[in-house]
Protein chains: 2
Amino acid sequence: MTTIYDVARRAGVSPATVSRVFNGTRVSPEKIEAVRAAAEELNFTPNRAARTLRTQTSEVIALVIPDIENPYFTEMARGVEDVASEAGYSVVLCNSDSQTEKEATYLQIAIAEHMSGVIIAAASKATDLDSILSTGRPVVAVDRATRHELDLVVMANREAGVAATESLIAAGHRRIAYIGGPEDIDTAAERAAGWREALAAAGRDADIDELQRFATFRVDGARAAMEELLALPDPPDAVVAGNNLIGVGAIQVLTEHGLTPPAVGVAVVGSLPFTTLSPTAVTMVQLPARHMGVTAARMLLERIAGDTHPARTVVLRGETRQATARRSA
Amino acid sequence: MTTIYDVARRAGVSPATVSRVFNGTRVSPEKIEAVRAAAEELNFTPNRAARTLRTQTSEVIALVIPDIENPYFTEMARGVEDVASEAGYSVVLCNSDSQTEKEATYLQIAIAEHMSGVIIAAASKATDLDSILSTGRPVVAVDRATRHELDLVVMANREAGVAATESLIAAGHRRIAYIGGPEDIDTAAERAAGWREALAAAGRDADIDELQRFATFRVDGARAAMEELLALPDPPDAVVAGNNLIGVGAIQVLTEHGLTPPAVGVAVVGSLPFTTLSPTAVTMVQLPARHMGVTAARMLLERIAGDTHPARTVVLRGETRQATARRSA
DNA sequence: TTGAAAGCGCTAACAG
DNA sequence: CTGTTAGCGCTTTCAA
């Protein structure tokens, strides 16, 4: 390991000057050149642990997400990463697997490693940020609100639920079911509320409780829920999927039952990842996941830079891509 | 920030003893208890930067992948993460975006942060690991070989190409095209070789060059290639997709042309992520991505623990899920 | 088993 | 503009 002392000796300057060269404080051009050359020759890489220890900060931010295998979150991660690396920050991607304990572990690491800030899509309302917040580090919540007062970037979930449902109503469907995520996640609750609202407005909310299912935000849970709905005495002729993976699961089951959309209407809150379906078969309320990441990262960087505004909430709107195909019936 | 000195004072012991308690060296039960209690009360979190600086190592490994939005790699990441966190290591996920420069940046960070090791799916053969290897850190290559002699975990790519192609031959297809990844990535080259080999063995390799396309390993590149193939005077009646996303792109274009599989035969090397297609429509040679991650992580941990065997290569076999549907023609 | 003390590599006063 | 110097919080000899 070569250190600034080695570089300093070789360049004929003091260690402090080497440090200055690497940190952009004013140094004479000749010395800058000498230091650069020496560093090059010695293949010098500054020791970040030492820097972090000394400065009590590191140019790293943690991004905590509940499901690394969900393209919605990886797309968001791309947004975060692009902004962060542009600003010279690295991103540590932490997969909480929707478990509060794993979340807590990563948050501890963020503290122990002196990371500059955290962007978190909380596993649930139970997520506890007291300990990281008490260190004074900025935290930005994305996708889901927490029980703390924080900067927050979310989707217009209720609206998205309404839009998805209305597209199905417009296509002439009568019994429109809903499969959403866990009740204790606010995105899930809000999208469900949008569905209820749209059905009520259209006067189609008879049996509404029978047609609602809470699943996980994953493919398997949605599959089970869709099977249940199809087994109903009077099954739905359309379904709103509460997120992308629920849409995938629902469509899989429908296809297996010979009911490929638009035989049964499907509207998804979110984009179908890597879909091979005809774009006209399914309504998607596309959510700007990348943009959410970009926005959150910018807010976090502002906070890191010392911004002390009261907590802000940014709401991002989805864009409806209406299915144009109708039931062949 | 509370330190071991604060804890030591409160527990009535020396800082060294506090350190010992947290690192598992022998300390009397009473003192252990006192330290634990003091640490608890003070809400003490050990400062990792200091520890890293002192020990010249940190329980973090870097995982460098070319495309964080490809489920194949996120599935692999899950495997790595599960093994690593079990062993008390955190994983830093680095997205190189298939760019050698970004890769180099992350590798520098791995050095500067004293990370214990690196698992890398190299962007290309140009990937330069000299600098990280010269620090003595263990590196394990996954998915793709590098020009360095390293532990390596790869798929049986040629075989997978053969299996995919043979399934199409068995289904009665005659002109079987291939869309693969960039020529300079060995996985792409090997899968293409498997396709050529299977066609030659079946005596169907007339025009073979005309039927081969190099794309990126992404949806868009595959779409363009598929359009080209369909525009051929004598278009193919089947296509082998060199990876999952290429499969998605190819099927999208086919569907848009009214040629939803199995109208045109499709075999994919890899699994279709979140497919909504009937499972009988497309052959998939499913690659054990998670297992690849698990294996690589275990090898890396062994190296970190001091294992000095010569470099090993592990080859993982895909599992073919044959399409059962035939062309309706 | 425990404590005192040195030092990992860097940055930031402070002095010049 | 540049050098000297004192730690950041931890681990680890070395002695006791």
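Residue numbering restarts at 1 for every chain, and letters A, B, ... go by the order of the sequence lines.
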Legend entry - Difference in axis direction between the ends of the helix from C/dT1-D/dA16 to C/dG16-D/dC1, five pairs, 10°: 30°

Legend entry - Counterpart residues, side-chain contact (heavy atoms from CB on, under 4.5 Å), relative to A/T52 (two or more places apart): A/S58, A/H114, B/A49

Inset, instruction - Kindly write out the residues that satisfy salt bridge (Lys or Arg N to Asp or Glu O under 4.0 Å) with A/R144, not counting sequence neighbours, or none if the list is empty. - result: none

Legend entry - Exercise: do B/Q108 and A/T45 side chains pair donor with acceptor under 3.5 Å: yes

Inset, instruction - Under the salt bridge (Lys or Arg N to Asp or Glu O under 4.0 Å) rule, collect the residues that match up with B/D151, sequence neighbours excluded. - result: B/R303, B/R312

Inset, instruction - Please list, chain by chain and in numerical order, all residues satisfying salt bridge (Lys or Arg N to Asp or Glu O under 4.0 Å) with A/E75, sequence neighbours excluded. - result: none

Inset, instruction - Output all residues satisfying salt bridge (Lys or Arg N to Asp or Glu O under 4.0 Å) with A/R10, sequence neighbours left out; order by chain, then residue number. - result: A/E41

Inset, instruction - Walking along DNA chain D from 5' to 3', note the first and the last nucleotide with an atom under 4.0 Å from a heavy atom of chain B, and give both. - result: D/dG9 to D/dT13

Inset, instruction - With sequence neighbours left out, write down each residue that passes side-chain contact (heavy atoms from CB on, under 4.5 Å) with B/E149, or none if nothing qualifies. - result: B/A311

Legend entry - Per-nucleotide protein contact string for nucleotides 3-12 of chain C (B base, S sugar-phosphate only, - none; heavy atom under 4.0 Å): BB-BBBBBBB

Legend entry - ring pair (Phe, Tyr, Trp, His ring centres under 6.0 Å) pairs, two or more places apart, involving residues 133-153 of chain A: none

Inset, instruction - Check side-chain contact (heavy atoms from CB on, under 4.5 Å) between A/I4 and all other residues, then give those that pass, not counting sequence neighbours. - result: A/P15, A/V18, A/F44

Legend entry - Any residue meeting side-chain contact (heavy atoms from CB on, under 4.5 Å) with A/V315, in chain and number order, not counting sequence neighbours: A/V154, A/A156, A/T313

